[in-house]
Amino acid sequence: MKAFRGPFLRDEAAHLLRRAAFAATPAAVDRAVADGLDATVERLLAPSVDAAADRRDADLRRSDEPHAVAAAWLARAATTPDPLGEALVLFWHDHFVSALAKVGEPRMMFDQFALFRAAGRGSFVALTQAVARDPAMVRYLDLERTTKDAPNENFARELLELFTTGPGPYGERDVKEAARAFTGYGLRAGRFRFVPASHDDGEKTVFGVRGRFGGDDVARLAAERPETAAFLARKFARRFVADVPADAVVAALAAAWTAAGGDVARTLGVLFRSEAFYAPAHRRAVVRCPASFVVGALRAGGVAAPPSPADLARRTLAMGRAVGDPPSVKGYPGGDAWRHPAARLARLDFLAHLVEVEGARLSPPPLATRDELAAFARDVSGSAPTRAELDAILRAVKDDDPARDRRRLGLLFARPECDRC
Amino acid sequence: MSRLALALRCVVLLLLLRPAAAQDVDAFDPLSVVPEDCRICVDVADLGRFLTALRSENLWAGLPDAATAEARAGLERLAAIGARRVVFGAEAGLGKSWVLLVSADDAERALKGLRELVPAAKPLRVGKWAGLGSDDDAVDRLASVAAQKKPSVLRRDGFAAARKAFGGGDVFVHVDLAGTRWLRGGAGKAKDLGQALLAAHVLGAAATADAITARVDLDGGLRVRAGAPMRALGPDRAFAAPSSRPGAAPPIPAPPGTSLRLALRRDLAAFWARRESFVADDARTGVAEFQNNLSILLGGLAAEEVFAGLGDRFDLYVGPPPAENPAPRHAFPTAAVVVDVPDAALRTELLLGFQTTLGVVNAEAAQQRRPRYLIETADHRGARLVTSRFLPELLPDADDDRLQLRPTLAFAGSRMILATHPDAARALLDAAAQPAAPADGRTEDRLEFDGAAAARAVRSAAGFLAAQEALKKGGAPEEAAATIEFLAGLVARVERASIAFGVAPAEKDAATATFELDLRAPSVLPVKAGAPR
């Protein structure tokens, strides 16, 4: 991709942080501008440990509460020092879809999220192979019930259609042959186990390549296909560039993907330094999903410890998204599908609750003057309010209001412009 | 009121009361001048002793000032004016007509103090007693009672008997509830199977009791005993007030480490025979399924046969977590239910039924590819334990919570022990082997609580509780952990507590509900620095 040559100023830094880190607080933007583009991108891409969240997850993982998965992720994402890591967890959860409704055990979804956290910015081949062995995925796509006498095609079909190449480069025979490669996969005691006796060890032909393939082999074949580069590039572009990315951007990103050998962090490093990423047409071109909206508001508000995670999960669900429990293997359509009247009302209701009930947990920057309001709005939304809007906010929340800053934050975030990032 | 008018009023009252009590303050019964229409009567026998006990309670000192400041200040000021015994009567509440009487060595000083305490009230003297009335009418009515022109509360139906039963403590309280009957009409009519089984007697008392009398003692804790005459439970609720069956095995003493014990007395045979009267229409299918499943699991026995073979005492014990616990911070208390089964044939069916039930559970788990129970037997003190457990190698985590659930059945003589873990069953068998305590003769429902044991249980499950806290309240894990530790510390300060509720038949259509709270908690809350003692 063509590298970004322009100056990395406040707007560019805020744009990068909104996309890659859920929110751009003034302090974070200041630091990014001071550090420069390369250092900021490297810092975003570097994984970091969130020990407090790990301890909380260790307890919550044992919970039988269905919303524990969503609650734990929202709580972690709201305060993590590694926001891109959590953005990638959500990205891979949307890509390698599993749903609690079928998986049944929250523990398995916790473990799958942990897998995405640990391996989500490395090799796509390795990630795909690991996902095929992930207990939640094994259960969700019926690898528990696949034997050489009766290969279950569910996983193999979705591997090709939804996880790697997308429709096109394979036929029904490829699906059947790939399914044979995953025979013998299954679970015992809730853990992955491979039973050689149930595995079809014979020769298979997948994508025209012949061999005595096992599951890892087929995962690699699929993950390394050029169509996969284009398919994944479009998905990354939809998440990080625009809801409807131009084909040229997708092609360039696919080339970067291929050049990086399917390494996620290296590909994102190229993307975040690219001219396309900062193109004016791509500013505020992505609709925030409910989870990103909730986390974005919390992080913009400077939350130090998350408010009731169970409540956050319920409110995110009211906006139309069940983290950990999507409605189908295709996940959510995204884009403008998030923006319907009921979801809008739910977003406003969440903001009112956050500001008025959980406001004590917020520590927004001072929002006393019109200039401070405008600068903050520009950082968090990429869009400067009109003078009339600013005056309306100043009138609605008086200067001597003891909850002035958080209430003004709520009104700023309630602008429809903040539905996008 | 002018000084002259006050003097005249006091003289009149003194003359009226002279024959009865004016000579000896201790011989005079102050309740004898409290008008009968006072629905609330409170008699504090020794205000000094009462306040001393209150001041030594950290609970009193630790409560938020706003909650107790007014009451505390009032009592302290009463003591400061030399009040010893305090009697209060009110028509229906503090906003209505009321009278207050205090005995003091210096009645004149007490009267002066009372006037300063409630300037708007009307002062009065009754012999050596000083007092206040809410208004002139209240004072006049007290005078009429003193002159025996109107009856006192002592003439009220059942008052004397209630006072005999509940008097003599630090505080005597009597509340006439007859006027509130219309508010409580439906309290005993719930058509809910679970509610009827567990609370039929409570609902019955709540619906029909016209008065409640209580005695409060503050000697080393808080002890409240209360009684209320009520209408006898109807035949469809009589199962909630059973008499102890002759020949029944005595209850097993609580093993060491028991944090909670609940004893319920129910005649399940009578309950089952009358089920139609409290099963809601939408619950009938469930009851029919239960009846059918029970018969399948217990070798074809009808539900009537099963319940007829059970005793009428059900004891629930909540004990410490399993000794071999693989999940620190996630260790859950064990629990066991003990019921006497006098019918030997039924004991055999229950033993087999336990195995059948686990078999059914296993079959269903196998279909769903979930872990199944391994069923084993063991001996302890000559009793056979049928136990079950998940094999660790079949669970995903070495400290999986399910390892703590090991349903167990055992018999201690005729008493069936159904426990969540063999540790609990063995502890009960050990306790049952101790020399039997004499029968306590109790027939009421009773809850006993050991604070230290409960605090250990809370701390053992701190990880689980912290997760629930973190999920619901948010914040950092450390905040949740601190909340759990505060809760454990609070619980630990309750040395022991018990609550009992029973209904004893009195006459044909009458019964008496009894309630007893015994809280031994010298320091429920830590005293805040600078808090009044």
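Each chain gets a letter, A, B and so on, in the order the sequences are listed, and its residues count up from 1. Predicted, not measured: the structure shown is a model, and the values here were computed from it. The basis for the numbers below is simple: all heavy atoms, side chains too, and nothing from hydrogens, waters or symmetry mates.
The aromatic rings of A/Phe116 and A/Phe113 lie tilted to each other, with the angle between the two planes from 30° to 60°.
In this structure, chain A has a heavy atom under 4.5 Å from the side chain of B/Glu479, while its backbone stays farther away. Heavy atoms closer than 4.5 Å to chain A are found in the backbone of B/Asp400, but not in its side chain. For chain A, the nearby parts of B/Leu471 are the backbone and the side chain; heavy atoms of each come within less than 4.5 Å. Looking at A/Arg55, the atoms closer than 4.5 Å to chain B (heavy atoms on both sides) all sit in the side chain, from C-beta outward. For A/Glu144, the parts lying near chain B are the backbone and the side chain together; criterion is any non-hydrogen pair under 4.5 Å. Contacts of B/Arg329 with chain A are made by side-chain atoms alone, with heavy-atom separations under 4.5 Å and no backbone atom involved.
The cationic atom of B/Arg389 (NZ for Lys, CZ for Arg) does not lie both less than 6.0 Å from the six-membered ring centre of B/Tyr373 and within 45° of the ring axis.
Contact tally against chain B (heavy-atom pairs below 4.5 Å) for A/Pro306, A/Ser308, A/Ala58: the top residue is A/Ser308. Note on A/Ala305, A/Pro309, A/Gly190: by heavy-atom pairs under 4.5 Å with chain B, the leading option is A/Pro309. The greatest number of non-hydrogen atom pairs below 4.5 Å with chain A, out of B/Ala467, B/Pro396, B/Gly474, is found for B/Pro396. Per-residue heavy-atom pair counts under 4.5 Å with chain B were compared for A/Ala71, A/Ala75, A/Pro307, and the maximum is reached by A/Pro307.
A/His67 and A/Asp325 are not linked by any side-chain donor-acceptor pair at a separation below 3.5 angstrom, with hydrogens and angles left out of the test. B/Glu376 and B/Ser388 share no donor-acceptor pair across their side chains, judged by distance under 3.5 Å alone.
Rounding to the nearest 0.5 angstrom, the gap separating the CG atom in B/Leu409 from the CG atom in B/Leu351 is 6.0 Å.
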inquiry  = Using the rule given for ring-ring contact (aromatic ring centres under 6.0 Å, His included), can you reason through A/Phe155 versus A/Tyr185, listing the C-alpha separation, both sets of side-chain angles and the distance that settles it, and then say yes or no?
reply    = CA-CA 11 Å; A/Phe155 177 78; A/Tyr185 276 39; 7.6 Å; no

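Counting all heavy atoms, side chain and backbone alike, B/Tyr317 lies closest to B/Ala254 at CE2-CA, 3.8 Å.
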